[in-house]
Amino acid sequence: MDQQNQPAAVQEKQQVVFSAIQPSGSITLGNYIGALRNFSGFEDAKARLYCVADLHSLTVRQDPALLRKRSLSLAALYIACGLDPKENIIYCQSHVPCHTELSWILNCFTYMGELNRMTQFKDKSAKHADNINAGLFTYPVLMASDILLYQTTTVPVGIDQKQHVEICRDIAQRFNGIYGEVFTLPEPYIRKTSAKIQSLSEPTKKMSKSDPEESFVSVFDTPDAIRRKIRRAVTDSENEIRYDPENKPGVSNLLTICSALENKPVEEVAAGFAGLGYGALKDAAAEAIIKEFTPIQEKYNALLQNKDELSAILQENASRAQALAMKTLRKVYKKVGLLQL
Ligand code: TRP
C-alpha cells in the first residue's frame, strides 16, 4: 500500500496505529474506500488498534437494540476485512473506560472557540437542529482521547476527519506545553488517491449512510443490489468518459471507484474507457465492487455464525486495549494533580 503520507521520522517498529468508525448505519463503499480499507498494511507497527466508536454514535439518537447489533457487526466487519484480532486490537470504545476518563480531562484543555470551528459540528448541528447536544460539540475531544491514550503515531482516516486529527494535535501540544512530553503527536494518514467517494444520486455530495438507499452502496449489498444502484447512478448528458470532478461529478465518481478498487491512477482508468459509453463504465464499477465485497461478506457471515466466540474475542481485545490505555491515563492523572493513593 502507498505509505507516502507517513511521517518520515516514525520508524515502523515504533509506529502505533489507531482508527475508529462509528457503528451508526450501514458501512458504505465510501467508508470502505475512505477509511476501512486503509486500516490494513501496517504489519510492522508496534501496535494497531481498531475501535468501534459506539460512544460517538450516541451524539445522535440511536435505537438501542440496533446500536448493539451494529457494534458487533462492525467489529466482525473489521475482522472480515483482514484485521486479525490476534495481531490487531479490535474492540468497542465503551468497553475501555479510559476513553471517557481522558476525555473529561482533555475537555478542560480544549477551547469552545476551537470546537466551534469544526466543520463536522456545523454540518451535524444543521442536520439535527432539534438535538444540538453538548456531546456533539465535544465529539472531537473524545476522538482526541481515543487517539492520545495509545500514544498513537498514525491515524488512517478519510479526508473528512483530517480536521479532527488536527485539533487532537493542538490539544496534545497544549497539554505537553504545560506538563512535558506526555502525549505523542499523531499524524493523519490519508491515501492520496480516491479518499472521497460521492453520493450516487447527488454526486456533488459525499456518499453518506444517512441519505436515501439508492445514493450509496453498502458493504453488505447483494451483487444484484450493487448492479442496480450503480446502473442508476447519476451521470450527465454527454457521452465522454473523462475525469473532471467539477464538470462531470457523476462520471468522475465512478472512475474514482474503479481507480480505488483496481489500484490504478484515475487517468489510466479513464483512458481505458476511450470510445466506450457510460454503460461500460458502470458495469466495470459494479463488477469491481462485487469482486471486492464478496469475500468480505463470506467471512463476515461465517464470523456472525458464532456470536459467543466473537464476543470472547472482543472482550480479550478490550482488556489488551485497557492495559495500554491505563499507562497513559495514570500519567495524565498524576501530571494534572489528581491525588494518587
Ligand atoms: N469520528 C470518526 C468518524 O466519524 C470516528 C472516530 C472516532 C475516529 N474516534 C476516532 C477516527 C479516532 C479516527 C481516530 O469517522
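Order of listing sets the numbers, starting from 1, for every ligand and every atom in it.
Looking only at atom types and distance, the side chain of Ser73 has a donor-acceptor partner in the side chain of Tyr300 under 3.5 Å away.
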Protein N/O near ligand 1 N/O, under 3.5 Å, which pairs?
unit_1   : atom_1 : unit_2 : atom_2 : d
ligand 1 : 1 (N)  : Tyr139 : OH     : 2.7
ligand 1 : 1 (N)  : Gln161 : OE1    : 3.0
ligand 1 : 4 (O)  : Gln22  : NE2    : 3.3
ligand 1 : 4 (O)  : Tyr139 : OH     : 3.0
ligand 1 : 9 (N)  : Asp146 : OD2    : 2.7

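Applying the side chain to side chain donor-acceptor pair (under 3.5 Å) definition to pairs two or more places apart or across chains, those involving residues 275-284 are Asp236-Tyr278, Lys248-Tyr278. Sorted by first then second residue, the salt bridge (Lys or Arg N to Asp or Glu O under 4.0 Å) pairs that include residues 301-310, not counting sequence neighbours, number zero.
If you look at Phe121 and His164, their ring centroids are not closer than 6.0 Å.
Note that Lys209 lies outside the cation-pi zone of Phe216, set by a 6.0 Å cut-off to the ring centre and a 45° limit from the axis.
Partners of Thr328 by side-chain hydrogen bond (donor to acceptor under 3.5 Å, both in side chains), not counting sequence neighbours, listed by chain and number: Gln151.
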